[in-house]
Q: 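Could you have a look at this structure, given as structure tokens, before my questions?
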Amino acid sequence: MIRSALNSDKFSVLDFCRDTFSWGDYIQDVWDHWLSEDNLFLIEKQCPIGMCHAFFSTDQVWLEGIRIKSNFRRHGLASELVRHIELIAKEKQISFSFMLIDIENLPSLKMAENLNYKIFQTWNFYSISPRNNNNCKIQFDRILNLTNITQYVKSWRWLFLDENTLLSLYKQNKIIFSDEFGDVSTAILTDSEHFDKTLIVTLFSGSEQNTLNLLSYIQNYGAEKNYNKIQILSKEKLPLLNTLDHKITFNLMKKFLY
Ligand SMILES: CC(C)(COP(=O)(O)OP(=O)(O)OC[C@H]1O[C@@H](n2cnc3c(N)ncnc32)[C@H](O)[C@@H]1OP(=O)(O)O)[C@@H](O)C(=O)NCCC(=O)NCCS
């Protein structure tokens with residue numbers, strides 16, 4: 001009943017993933033990427049009626065795109081898909097499973113709780129438009145500053161920030177900070193692997209002034225590098241700014257698999 005997806009499944013899956021949320025869905029934009037990354041699973045009864053993608057990295061599995069066709073919900077199918085992936089993760093000796101759920105998506109939160117996931121952290125998603133504005137003082141990180149930062153967002157996956165990644169981001173000047181006005185604010189800049197010209201920023205906000213300084217730099221960076229979109233993920237609520245749009249708040253759900 002559960003199998004790996006094939007390219008020929010695309011049409012029937014997208015057919016039930018069109019109007020998932022009030023704003024639509026994003027599966028059509030990531031399907032090809034997820035298929036090429038592997039670990040895209042379907043559940044079927046004659047034809048596909050559910051899907052979920054898994055991304056395995058250092059000691060964690062990331063679950064994304066859980067979808068069940070509307071007339072097949074509440075039959076335990078999503079739970080089956082999740083359990084299937086957890087079993088694969090355990091075979092790989094992976095300790096943790098994560099997923100990200102909109103705090104207003106009660107069915108999904110309930111499902112995750114039923115499967116023993118706990119709210120690990122809560123993150124805010126903001127967007128800001130690129131804009132030329134170059135009067136801010138920003139520094140590129142000295143590695144020593146980052147001992148308290150253990151994860152970052154890469155293509156909407158919360159990943160462990162290991163030493164090699166840290167070094168590589170550091171060398172590319174993708175870690176920036178402002179510490180002129182009290183508590184330091186730090187940001188990690190990455191390119192979306194699934195969406196064109198989309199900058200994804202993990203922001204650790206210290207003082208309001210430092211964060212405003214970083215945001216100003218990021219807007220300018222976005223304009224200079226011709227990004228269309230800037231997406232910001234932050235645990236902290238960010239200062240009110242008319243160019244900064246708060247989109248959604250998410251719970252990062254975590255489960256210890258042993
Ligand atoms: C969320 C979703 C994946 C759940 O799929 P599902 O196959 O219906 O889930 P399950 O049948 O495995 O549900 C397991 C448990 O979750 C809870 N649950 C699921 N849907 C629920 C709902 N609408 N209301 C309340 N609880 C719900 C229940 O406790 C349920 O157990 P029960 O039926 O024995 O009471 C499905 O509703 C869906 O595709 N939603 C749209 C896409 C989405 O929100 N995806 C998740 C994004 S993070």
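No hydrogens, no waters, no symmetry mates; every other heavy atom, side chains included, goes into these values. Both ligands and their constituent atoms are indexed starting at 1 by order of listing. Owing to the predicted nature of the structure, the values given are computational and were not obtained by experimental measurement.
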Q: Quick one, list the residues around ligand 1 where some non-hydrogen atom comes in under 4.0 Å, by chain and residue number.
A: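 Residues T20, F21, I66, R67, I68, R73, R74, H75, G76, L77, A78, S79, L100, I101, N105, P107, S108, K110, M111, N114 each place a heavy atom under 4.0 Å from ligand 1, listed by chain and number.
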
Q: For residues 61-83, pull every pair meeting ring pair (Phe, Tyr, Trp, His ring centres under 6.0 Å), keeping only residues two or more places apart or in separate chains.
A: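 Applying ring pair (Phe, Tyr, Trp, His ring centres under 6.0 Å) to every pair that reaches into residues 61-83, excluding sequence neighbours, yields W62-W158.
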
Q: What pairs with D32 under salt bridge (charged side-chain N to carboxylate O under 4.0 Å, His left out), at least two apart in sequence or on another chain?
A: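 With sequence neighbours excluded, D32 shows a salt bridge (charged side-chain N to carboxylate O under 4.0 Å, His left out) to K10, given in chain and number order.
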
Q: What pairs with D102 under side-chain hydrogen bond (donor to acceptor under 3.5 Å, both in side chains), at least two apart in sequence or on another chain?
A: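 None.
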
Q: Using the six-membered ring of Y26, assess whether NZ or CZ of R67 lies under 6.0 Å from its centre and within 45 degrees of the ring axis.
A: yes

Q: Would you call E80-K45 a salt bridge at under 4.0 Å N-O?
A: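 Salt bridge flag = no for K45 with E80.
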
Q: Once the angle between the rings of W34 and H194 is folded into 0 to 90°, is it parallel (under 30°), tilted (30 to 60°) or perpendicular (over 60°)?
A: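 It falls in the perpendicular class, over 60°.
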
